[in-house]
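I have placed the structure first, in the form of structure tokens, so that the comments after it can refer back to it.
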Amino acid sequence: MSLPSGPHRRHNPLLDEWVLVSPQRLERPWQGQVESVASEAMPAYDAGCYLCPGNGRAGGRTNPAYAATFAFDNDFAALGPTESEGGIDDGLFVARPEAGACRVLCYSPRHDASLATLDVPAIRGVVDAWAEESEALRRLPFVGHVQVFENRGALMGNSNRHPHGQVWATRHVPSLAARRVRSQQAHFAATGEDLLGSYVARELEKRERVVATTPDWVLLVPFWAVWPFETLLVPRRRVTRLAQLEPGERDSLAGLVNELHRRYDGLFRTPFPYSMAWHEEPVGGSGAGLRLHASYFPPLLRSASVKKFLVGYEMAGEPQRDLTPESAAERLRAVTLA
Ligand code: H2U
């Protein structure tokens with residue numbers, strides 16, 4: 001059995017949805033198109049940045065003179081610890097209050113740093129901060145799920161280049177996270193194996209979509225990728241939370257995160273925009289059949305300015321892509337690392 005060379009649909013077993021792949025629409029071969037995008041010089045410190053050390057934030061708060069990572073409560077939090085009053089449920093109109101917490105996590109005091117330029121020990125500090133922030137929120141009595149994520153670049157709605165991510169905690173497990181959990185639990189109930197463990201083992205045999213590996217981690221373009229250069233980062237040992245990672249696994253994750261960012265930035269020679277998310281087990285479950293993983297969803301398609309839009313057919317029907325995940329993995333592997 002081989003992959004169809006023409007139009008076909010691929011199943012995403014984590015979200016139980018399909019992506020339409022139309023490889024024949026790529027009329028021309030890859031040109032490795034690189035635009036000369038003026039890369040604005042970035043200062044190491046920006047007096048106008050609300051994330052730089054010592055600077056003021058909304059509401060009159062001031063950042064400390066931090067030297068590594070720094071996390072704080074989002075001054076414009078989407079959620080608070082106290083649920084609002086009220087709620088309706090008459091079958092068609094359903095609205096329920098939600099409680100939670102929102103944190104902002106600065107990866108470095110340097111305004112001009114990125115996960116591509118920070119050294120591996122500094123990125124290890126970011127890995128530790130992801131884990132610590134998540135655990136601290138999980139301990140709050142009203143928290144049922146924690147989402148570590150990052151939006152990078154103006155294309156993803158973030159105009160502040162200071163390297164940072166966010167952590168949102170909610171009482172309820174959000175819709176997409178709940179689907180990931182349900183799929184993994186169903187696979188485990190049916191097979192006795194964890195879905196991502198089995199999937200990654202098969203990918204390591206095939207090697208078509210693997211971008212890079214370490215003794216502890218596998219980085220690949222998933223078979224069901226929607227975004228052109230979407231990647232999935234999976235630990236070889238089954239853990240369900242960042243906090244369960246051993247020191248060696250954290251170091252090797254830091255190295256691989258750095259490599260991935262250098263590959264992304266090198267692809268179109270531009271600071272690659274993306275949304276990134278860690279998928280940890282919800283609070284209070286058994287974790288059986290689940291495996292920690294991270295997703296990178298980058299929108300760029302052909303160059304620093306040509307992005308993939310999820311519009312029209314995709315809003316109405318299902319996501320569609322022309323570039324195959326196999327070609328995307330090949331192109332990411334081919335990036336020369338400076
Ligand atoms: P982005 O990653 O989307 O740029 O988010 C940065 C967050 O920083 C955003 O959620 C918060 C915004 O609410 N913020 C503060 O908490 N304090 C400020 O003074 C400005 C921005």
Side-chain angles (χ1 to χ4, degrees), residues 39-40 42-66 68-82 84 98-118 122-123 125-134 136-137 140 143 145-171 174 176-177 227 230-231 233 242 257 260-261 264-265 270-280 294-300 307 310:
S39 63
E40 55 180 287
M42 294 255 292
Y45 167 78
D46 177 350
C49 169
Y50 54 82
L51 298 179
C52 276
N55 288 2
R57 300 201 314 270
R61 291 165 193 85
T62 302
N63 297 329
Y66 65 95
T69 61
F70 166 57
F72 61 91
D73 288 334
N74 194 314
D75 301 309
F76 305 98
L79 295 140
T82 318
S84 54
E98 179 62 321
C102 300
R103 304 268 292 164
V104 178
L105 172 62
C106 301
Y107 293 169
S108 163
R110 283 195 63 144
H111 187 75
D112 59 348
S114 81
L115 292 172
T117 60
L118 282 172
I123 301 175
V126 174
V127 171
D128 289 341
W130 283 331
E132 279 161 27
E133 282 298 312
S134 178
L137 290 173
L140 297 175
V143 167
H145 182 267
V146 175
Q147 185 62 64
V148 174
F149 69 99
E150 179 189 345
N151 300 316
R152 186 196 194 204
L155 273 182
M156 300 314 286
N158 174 6
S159 51
N160 190 340
R161 287 272 298 275
H162 195 114
H164 68 284
Q166 299 194 47
V167 190
W168 287 24
T170 48
R171 183 187 296 284
L176 290 174
W227 296 97
E230 181 176 331
T231 52
L233 192 48
L242 284 157
V257 163
L260 171 61
H261 284 78
Y264 272 159
D265 287 3
T270 190
F272 214 62
Y274 59 81
S275 280
M276 177 281 286
W278 278 103
H279 310 286
E280 301 184 273
S295 302
Y296 281 81
F297 305 116
L300 292 186
K307 82 179 274 273
L310 285 180

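Since the model is a prediction, treat every value here as computed from it, not as a measurement. Start at 1 and go down the list; that is how both ligands and their atoms are numbered.
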Review point. Side chains of Gln166 and Leu105: does their closest heavy-atom pair fall under 4.5 Å?
Key: no
**Study point:** Winner among Asn63, Asp75, Asp73 once heavy atoms are compared against atom 15 (C) of ligand 1
**Key:** Asp75
Exercise for review: Just need the protein heavy atom nearest to atom 21 (C) of ligand 1, so name the residue and atom and give the distance.
Suggested key: Tyr50 CE1, 3.3 Å
Check your understanding: Does Arg152 come within less than 4.0 Å of Asp265, counting only side-chain N to carboxylate O?
Key -> yes
Practice item. Any atoms of ligand 1 less than 4.0 Å from a non-hydrogen atom of Asn74? List them with their elements. Key: 7 (C), 9 (C), 10 (O), 11 (C), 12 (C), 13 (O), 15 (C), 16 (O)
Point to revise | Expected output: side-chain His162 to main-chain Tyr107 donor-acceptor under 3.5 Å | key: no
Point to revise | Close side-chain approach of Leu118 and Arg110, heavy atoms under 4.5 Å | key: no
Check your understanding: With a 4.0 Å heavy-atom cut-off (strictly under), which part of Arg61 contacts ligand 1: side chain, backbone, both or neither?
Key -> neither
Revision key, fill the gap. of all protein heavy atoms, closest to atom 5 (O) of ligand 1 is Gln166 NE2, 3.0 Å
Exercise for review: Among all protein heavy atoms, pick out the one at the shortest distance from atom 2 (O) of ligand 1; state its residue, atom name and that distance to 0.1 Å.
Suggested key: His164 NE2, 2.6 Å
Practice item. Measure the shortest side-chain to side-chain distance between Trp227 and Leu310 over non-hydrogen atoms and say whether it is less than 4.5 angstrom. Key: yes
Check your understanding: Given Gly165, Gly157, Ala58, Gly153, which has its nearest heavy atom closest to atom 19 (O) of ligand 1?
Key -> Ala58
Practice item. Looking only at protein heavy atoms, identify the closest one to atom 4 (O) of ligand 1 and say how far it is in Å. Key: Asn158 OD1, 3.0 Å
**Study point:** Heavy-atom check, side chain of Ser114 versus side chain of His261, under 4.5 Å
**Key:** no
Review point. Can Arg57 be said to sit on top of Phe72's aromatic six-ring, NZ or CZ under 6.0 Å from centre and within 45° of the ring axis?
Key: yes
Review point. Under a 4.0 Å heavy-atom limit, does Glu150 contact ligand 1 with its side chain, its backbone, both, or neither?
Key: neither
Review point. Can you list the ligand 1 atoms lying under 4.0 Å from a non-hydrogen atom of Val104?
Key: 7 (C), 8 (O)
